[in-house]
Amino acid sequence: MLKTRIIPCLDVADGRVVKGVNFVDLIDAGDPVEQAKAYDAAGADELCFLDIHATHENRGTMYDLATRTAEQCFMPLTIGGGVRTVEDVRNLLLAGADKVSFNSAAVADPDVVARAADRFGSQCIVVAIDAKTVAPGKWEIFTHGGRKPTGIDAVEFARMVVAKGAGEILLTSMDRDGTKSGFNLPLTRAVADAVPVPVIASGGVGTLDHLVEGVTEGHASAVLAASIFHFGTYSIAEAKAHMAAAGIPMRLN
Amino acid sequence: MIVIVDYGVGNLMSVRNMARKVGAQATISGDADEIAAADRIILPGVGHFNYGMERLRASGLVDVLNKAALEDKKPFLGICLGAQILGKGSEEGDAPGLGWIDMECTRFPRADHLPVPHMMWNELEIKQPGTMLDSASDQARYYFVHSYYMNCAAPENVVATTRYGVEFTSVVKQGNIMGMQFHPEKSLKYGMEIIRAFNEFGTAGPAQ
């Protein structure tokens with residue numbers, strides 16, 4: 001009954017996909033809309049666009065991207081990267097995003113989460129947390145692409161932003177990101193068990209069993225993956241079939 | 001012409017995009033005259049119940065919506081918060097809703113260890129045939145994102161239910177007025193079938 005979501009994440013820079021899937025038949029693999037349509041057809045449950053440059057100057061390209069994607073894709077779309085203000089959230093929602101993700105801005109000013117949630121509702125406010133293991137059973141938040149330590153405990157921070165109104169946590173293990181060695185399960189479970197909202201596990205997926213573990217051992221409500229889909233190692237359908245075979249309820253096309 | 005009511009709340013573009021995708025003429029408007037001239041009306045909305053009702057009242061559209069739905073009996077579809085505010089009120093706030101359907105909105109209990117918001121693809125259990133949901137296949141899944149759910153006083157208003165810890169009303173109907181807790185505009189081909197059916201709803205004669 002509780003269907004676990006699989007969410008492919010696309011890195012976007014200046015309105016172009018810099019890390020995406022080599023779907024066959026794509027006319028322009030760098031076009032986020034083409035990628036989104038392909039993921040739609042492939043059975044993804046949601047899409048996440050992450051603006052990896054996220055400068056103030058290129059905000060307009062993200063709005064345009066949200067608009068163009070929403071014109072052709074009828075699936076939930078989360079946009080993150082460089083989101084700082086309630087106005088940023090509003091512009092992205094108006095353009096066609098369904099959820100907007102805060103990252104560094106929520107660390108610098110957690111009240112921005114409350115202001116955005118009060119205005120637009122918790123259901124569209126995601127907080128992305130990037131955490132590194134600093135001691136066994138202890139995880140610290142890092143910002144600026146994992147370069148800047150903050151001294152803030154990830155589990156405590158998750159509790160705090162949810163109390164302020166975050167409706168979902170996108171939790172990335174910086175230790176595991178890109179390693180293909182699996183999610184940081186203790187971290188995922190610690191956060192998922194600490195907050196009453198859905199937690200998306202991210203960082204480290206290399207096999208389909210990793211996706212399963214994120215749910216069964218990490219207690220995540222959704223799993224996000226980039227590389228295994230981008231490089232065509234596995235398809236969304238294979239991932240769903242594998243998770244369903246492991247007893248996890250999935251939306252199967 | 002479908003008019004999608006713009007009262008400053010929600011992702012209106014997605015609704016319009018999907019309506020156009022199924023070949024409907026659809027426009028987004030917060031203008032009372034345009035809404036009065038509509039053949040069909042969609043009331044979208046995401047966010048806080050009080051904020052939604054405040055915005056709706058501040059926009060001065062309550063009277064024109066009352067007339068369109070209750071007197072002219074135009075096909076009317078509320079989506080998500082737009083469905084919830086068809087009722088009398090919500091635990092989320094103290095503002096009264098439109099009061100068209102005898103229901104109140106309740107927060108999901110925290111006791112079930114289920115994450116809230118209920119944010120995922122889920123299914124419908126059809127309680128009443130003969131609505132625009134009839135074409136839905138057994139495979140159909142719909143995208144939900146909400147923390148409060150509709151609680152109808154009268155079972156005849158309950159068209160479909162969904163289970164998430166509790167079994168709650170996911171589709172309500174009273175005559176020409178329907179409300180859907182999920183987002184058809186975000187539910188891929190399954191949602192597209194609903195918007196297509198809404199565009200044809202009532203065209204065989206006066207809406208029942």
Side-chain angles (χ1 to χ4, degrees), chain A residues 1-6 40-41 43-47 66-78 90 92-100 116-126 162 165-169 192-193 195-200 219-222 249-253, chain B residues 6 8-18 20-22 28 45-52 55 80-81 92 108-123 139-148 162-165 167 183-192 195:
Chain A
M1 184 186 70
L2 307 179
K3 301 213 167 28
T4 300
R5 292 167 285 148
I6 292 189
D40 176 334
D45 293 308
E46 296 187 27
L47 269 187
T67 304
R68 291 192 303 121
T69 305
E71 272 168 10
Q72 301 199 40
C73 283
F74 301 101
M75 67 197 304
L77 174 67
T78 300
R90 180 174 180 273
L92 285 167
L93 292 177
L94 282 177
D98 297 288
K99 296 186 261 183
V100 175
D118 285 348
R119 175 101 180 258
F120 307 109
S122 293
Q123 81 292 329
C124 64
I125 305 300
V126 182
V162 168
E168 190 169 48
I169 299 290
D193 289 352
V195 297
V197 303
V199 171
I200 307 169
H219 300 174
S221 297
M250 306 297 297
R251 179 184 68 91
L252 302 170
N253 274 14
Chain B
D6 180 6
V9 176
N11 188 344
L12 310 169
M13 289 297 214
S14 298
V15 181
R16 191 200 63 186
N17 291 340
M18 188 174 258
R20 290 187 174 171
K21 184 88 175 176
V22 301
I28 295 170
V46 293
H48 197 281
F49 192 93
N50 272 6
Y51 184 72
R55 292 292 313 153
C80 195
L81 178 65
E92 191 175 16
F108 279 109
R110 286 182 183 271
D112 294 320
H113 300 289
L114 292 171
V116 175
H118 169 223
M119 185 186 295
M120 61 177 200
W121 295 82
N122 209 329
E123 51 209 74
Q139 298 296 311
R141 300 290 181 269
Y142 303 94
Y143 193 75
F144 287 83
V145 185
H146 61 125
S147 302
Y148 295 80
T162 295
R163 289 171 194 272
Y164 188 67
E167 181 180 3
H183 289 270
E185 79 281 12
K186 286 288 164 183
S187 296
L188 301 169
K189 60 191 175 193
Y190 310 113
M192 212 174 282
I195 299 296

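From a predicted model like this one, the values you see are computed outputs, not experimental measurements. By convention in this document, chain letters (A, B, ...) are assigned in the order of the sequence lines, proteins followed by strands, and residues within each chain are numbered from 1.
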Region of M119(B) in contact with chain A, defined by heavy-atom distances below 4.5 Å: both
Less than 4.5 Å to any heavy atom of chain A: does that hold for the side chain of S147(B), its backbone, both, or neither?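 It is neither, since no heavy atom gets under 4.5 Å.
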Give the minimum heavy-atom separation between [X] and [Y], together with the two atoms involved.
X       : Y       : answer
P198(A) : P115(B) : N-CB, 3.5 Å
G96(A)  : S14(B)  : O-OG, 4.3 Å
Q123(A) : G47(B)  : NE2-N, 3.6 Å
L188(B) : D40(A)  : CD2-OD1, 3.3 Å

How long is the straight-line distance from [atom2] of [Y] back to [atom1] of [X], given to the nearest 0.5 Å?
X       : Y       : atom1 : atom2 : value
R251(A) : N122(B) : CZ    : CG    : 12.0 Å
L77(A)  : K186(B) : CG    : NZ    : 6.0 Å
D118(A) : H48(B)  : CG    : NE2   : 7.0 Å

For a salt bridge (Lys or Arg N to Asp or Glu O under 4.0 Å) check, start with the C-alpha distance between E123(B) and K3(A), then their side-chain angles and the critical distance, and finish with the verdict. CA-CA 10 Å; E123(B) 51 209 74; K3(A) 301 213 167 28; 3.0 Å; yes
Which bit of R90(A) is near chain B, if near means a heavy-atom gap under 4.5 Å: side chain, backbone, both or neither? neither
Using non-hydrogen atoms only, which part of A192(A) is less than 4.5 Å away from chain B: side chain, backbone, both, or neither?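 Neither part; nothing is under 4.5 Å.
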Pairing residues for H146(B) by the ring-ring contact (aromatic ring centres under 6.0 Å, His included) criterion, not counting sequence neighbours: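 Scan of H146(B) (ring-ring contact (aromatic ring centres under 6.0 Å, His included), adjacent residues dropped) gives F108(B), H118(B), F144(B), F168(B).
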So, using ring-ring contact (aromatic ring centres under 6.0 Å, His included) as the criterion, who are the partners of Y142(B) when residues are at least two apart?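 ring-ring contact (aromatic ring centres under 6.0 Å, His included) list for Y142(B), sorted by chain: F182(B).
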Heavy atoms only, distances under 4.5 angstrom: which of E185(B), M18(B), H183(B), M13(B) has the most pairs with chain A? Name it, please.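 Top option by heavy-atom pairs under 4.5 Å: M18(B).
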Pick from P117(B), G191(B), P184(B): which one has the most heavy-atom pairs with chain A under 4.5 Å? P117(B)
Lys/Arg N to Asp/Glu carboxylate O, E71(A) vs R20(B), below 4.0 Å: no
Let's test your reading of the structure: which of D45(A), T4(A), V162(A), L93(A) forms the most heavy-atom pairs below 4.5 Å with chain B? D45(A)
Checking R5(A) against Y143(B) for the side chain to side chain contact (heavy atoms under 4.5 Å, CB included) test, could you report, in this order, the C-alpha distance in whole Å, the side-chain angles of both residues, the deciding distance, and whether it holds? CA-CA 11 Å; R5(A) 292 167 285 148; Y143(B) 193 75; 4.0 Å; yes
